[in-house]
Amino acid sequence: MSEYPSDIFNDTSLGWTGAGGDSQVMDVNAAYAPSVGHQVWIMVSGVLIMPIIPGIGLFYAGEARRKSAMSILWQSMAILGVIPFQWFLWGYSLTYAADASPFIGTLTNVGLRNVIAVPMGYIPEILFSFFQCMFCIETIVIMIGGAFERCRLLPSIVFSFCWATLVYCPIACWTWNAKGWLYKLGALDFAGGGPVHISSGVGALAFALVLGKRVEHKDEGRIPHYSPHSPVMTYIGTIFIWMGWFGFNGGSTLNATVRTSYVLVNTNLAAATGVMGWNMLEYILYKGRFSVAGSCRGVMVGLVAITPAAGYVPVYFAAVIGFVSAVIVRGLDNWFNRLVGIDEGLMVFKNHAIGGICGALMTGLFAANWVTALDGYSSASGWVDHNYIQLGYQLAEVCAIVGYTFVMSIVLLYLINYIPGLKFRSDEHEEREGLDLHYLFNEGMGDHELFLKLKEAGFFEALAVRGQELLSESLASIQRAEDDEKKSA
């Protein structure tokens with residue numbers, strides 16, 4: 001293994017400052033020279049994560065109806081603009097400040113103050129901050145899917161900023177900050193099963209609950225179900241997501257070691273078996289037919305489930321995690337909607353929260369120390385190594401994150417909803433006609449935009465009138481033919 005940069009930084013005779021050294025009088029890169037390969041890999045990983053964010057936007061837009069699909073793409077781009085600022089302002093400090101409490105960080109690093117060259121393992125802190133910023137952005141983009149087709153855009157972005165601050169940052173601090181209570185407890189979460197997926201899924205469920213059902217079925221007992229308007233968009237989004245997940249999980253080792261290569265294989269295999277599990281169940285349910293959108297959901301669940309486990313479990317258990325999680329989530333689909341009565345049509349809670357819970361619990365079962373130790377220094381194990389208490393730690397993580405996220409999300413939603421101008425629910429006519437028409441300037445999703453223009457021009461009314469005229473003429477012609485036949489007889 002390469003020499004740790006901290007071996008040099010900890011030598012006080014070199015006069016290092018809290019920011020990692022004065023770059024005007026010393027070369028702050030010198031300590032990283034032996035481990036530059038690790039640094040390059042994390043740079044690449046952070047960039048690889050980026051396609052996940054528009055990928056999720058495309059995934060959701062393809063699943064939604066045409067009339068509000070473009071609004072989902074706008075939200076994903078707006079979040080990509082707002083959350084990096086939140087992370088710069090105080091998000092990083094509230095999550096990773098060295099003087100954090102067990103529950104949340106401080107404002108020591110507000111505005112990324114002194115976040116420069118201090119070593120975080122093999123990489124400088126500024127690179128670590130960039131990499132972790134991508135996790136926060138992805139979490140918010142996932143969570144906002146609970147608001148689809150019926151939420152005003154500006155309030156949803158205000159909520160995203162507040163939710164990142166009061167929900168994501170504390171949970172990530174619990175889990176990954178060395179001072180966090182879940183970290184000290186010993187809960188294992190390799191790349192975000194809890195802070196990213198369980199929290200975003202539960203947050204989406206709370207959002208959908210507060211907003212209520214879509215207007216078409218608001219007063220009915222059943223939950224509306226619509227087929228994806230563009231499985232092609234969902235498919236393209238899934239490819240972006242699958243590719244980006246190699247950076248998401250692969251970079252979470254924070255090094256370029258044999259363990260990193262093992263993580264990449266685990267990630268790919270779990271996604272593949274997720275497709276297999278989902279397709280197998282749908283082949284039975286659809287009586288010999290498959291679904292493109294369903295296959296994409298299988299990929300998503302496989303990736304979600306392996307996220308907390310990727311750096312801990314042997315490859316054969318990664319295959320089990322992807323397959324079993326996909327079967328569980330698909331099996332719960334219709335049953336869950338009927339049980340809770342919440343209009344959560346993009347399946348964010350099921351794919352991410354339930355998928356994340358499956359992965360978190362199976363991490364406690366299948367974590368093997370020999371896998372964890374592939375980086376040369378880490379150690380973690382589960383039931384397969386007779387560490388039976390680990391499942392209890394994983395359950396504690398799940399319960400804490402689910403409970404905190406749901407309660408805090410509900411509180412935030414109700415508080416923001418009472419601020420003038422920030423009411424969440426769109427007006428009924430806006431929802432019926434589509435959010436794109438009312439909240440975006442001259443933009444819509446392809447043929448739906450054409451439909452609206454033709455409708456506005458009176459094309460369909462004229463078509464209906466002309467159709468009625470042709471029908472009347474046809475009936476009159478038939479009647480005349482019948483009369484002629486009677487006369488000739």
Side-chain angles (χ1 to χ4, degrees), residues 49 52 132 134-136 138-139 142 168 171-177 180 182-183 185-202 241 245-254 259-260 262-271 273-274 300-315 317-326 328-329 349-369 371-372 375 378-385 387 389-402 404-405:
I49 296 173
I52 296 178
Q132 292 298 332
M134 295 297 161
F135 282 60
C136 186
E138 182 184 339
T139 305
I142 294 169
Y168 177 81
I171 292 173
C173 180
W174 303 350
T175 309
W176 290 322
N177 192 311
L182 281 175
Y183 185 95
L185 179 69
L188 300 178
D189 197 322
F190 180 71
V196 176
H197 297 294
I198 297 176
S199 70
S200 63
V202 174
I241 292 167
W245 227 272
F246 292 122
F248 189 80
N249 282 356
S252 291
T253 56
L254 299 181
R259 189 185 185 200
T260 305
Y262 207 88
V263 167
L264 295 176
V265 173
N266 276 350
T267 300
N268 197 52
L269 184 59
T273 56
M300 182 69 83
V301 174
L303 291 171
V304 167
I306 198 59
T307 294
Y312 299 120
V313 302
V315 66
F317 286 130
V320 173
I321 289 172
F323 186 88
V324 170
S325 299
I328 290 173
V329 172
F349 176 79
K350 284 163 278 190
N351 290 347
H352 292 274
I354 296 178
I357 290 169
C358 290
L361 296 180
M362 283 189 274
T363 300
L365 295 176
F366 302 139
N369 194 57
V371 175
T372 313
D375 61 8
S378 298
S379 176
S381 57
W383 275 35
V384 295
D385 286 342
N387 180 28
I389 192 63
Q390 190 61 50
L391 186 60
Y393 296 154
Q394 301 304 110
L395 186 60
E397 177 198 21
V398 168
C399 292
I401 292 174
V402 168
Y404 177 81
T405 301

Step by step, would you call S378 with D375 a side chain to side chain donor-acceptor pair (under 3.5 Å)?
CA-CA 7 Å; S378 298; D375 61 8; 2.6 Å; yes

Residues forming a side-chain hydrogen bond (donor to acceptor under 3.5 Å, both in side chains) with T260, sequence neighbours excluded:
T253, N255

As an exercise, state the distance from CD1 of I328 to CZ of F323, rounded to the nearest 0.5 Å.
11.0 Å

Does either side chain, that of N369 or that of T372, offer a donor lying less than 3.5 Å from an acceptor on the other one?
no

Give me the atom names and distance for the closest heavy-atom approach of A309 to F190.
N-CB, 4.4 Å

Check ring pair (Phe, Tyr, Trp, His ring centres under 6.0 Å) between Y183 and all other residues, then give those that pass, not counting sequence neighbours.
none

Minimum heavy-atom distance between A353 and V202, given as atom pair plus value
CB-N, 4.0 Å

Is the shortest heavy-atom distance from the side chain of F135 to the side chain of I49 under 4.5 Å?
yes

For W245 and H197, take the angle between the two ring planes, folded into 0 to 90°, and tell me which bin it lands in: parallel under 30, tilted 30 to 60, perpendicular over 60.
parallel

Please evaluate residues L303 and F248 with respect to the criterion side-chain contact (heavy atoms from CB on, under 4.5 Å), reporting the C-alpha separation (whole Å), side-chain torsions for both, the decisive distance (0.1 Å), and the verdict.
CA-CA 10 Å; L303 291 171; F248 189 80; over 6 Å; no

Output yes when a side-chain donor or acceptor of N387 lies under 3.5 Å from a complementary backbone atom of S381, and no otherwise.
yes

In this structure, which one of V384, L269, I306 forms a side-chain contact (heavy atoms from CB on, under 4.5 Å) with F317?
V384

Got Y168 and T139 here, is their nearest side-chain heavy-atom distance under 4.5 Å?
yes

Measure the shortest side-chain to side-chain distance between Y312 and Q390 over non-hydrogen atoms and say whether it is less than 4.5 angstrom.
no

Answer yes or no: is there a side-chain heavy-atom contact under 4.5 Å between V329 and N351?
yes

List the atom of A187, the atom of E397, and the distance in Å for their closest heavy-atom pair.
CB-CB, 4.1 Å

Smallest separation among heavy atoms of P308 and V304, with atom names:
CD-O, 3.4 Å

Just how far is it from atom CG of L395 to atom CD1 of I357, taken to the nearest 0.5 Å?
9.5 Å

Just list the side-chain donor-acceptor pairs under 3.5 Å for residues 358-366, sequence neighbours left out, or say none.
| residue | atom | partner | partner atom | Å |
| --- | --- | --- | --- | --- |
| T363 | OG1 | G359 | O | 2.7 |

Distance-only, no hydrogens or angles: does the S252 side chain make a donor-acceptor pair with backbone N or O of A191 under 3.5 Å?
no

Check P314 against V371 and note the closest heavy-atom contact, atom names and distance.
N-CG2, 3.7 Å

Ignoring hydrogens and geometry, is there a side-chain-to-backbone donor-acceptor pair from N249 to L264 under 3.5 Å?
no

Is the backbone N or O of G322 less than 3.5 Å from a side-chain atom of S325, with the two atoms forming a donor-acceptor pair by type?
no

For D189 and T175: C-alpha separation, side-chain torsions, deciding distance, then whether side chain to side chain donor-acceptor pair (under 3.5 Å) applies.
CA-CA 7 Å; D189 197 322; T175 309; 5.4 Å; no

To check you understand the geometry: which heavy-atom pair defines the closest contact between G193 and T307, and what is its length?
N-CG2, 3.8 Å

Would you check if F349 and I354 make a side-chain contact, meaning some heavy-atom pair closer than 4.5 Å?
yes

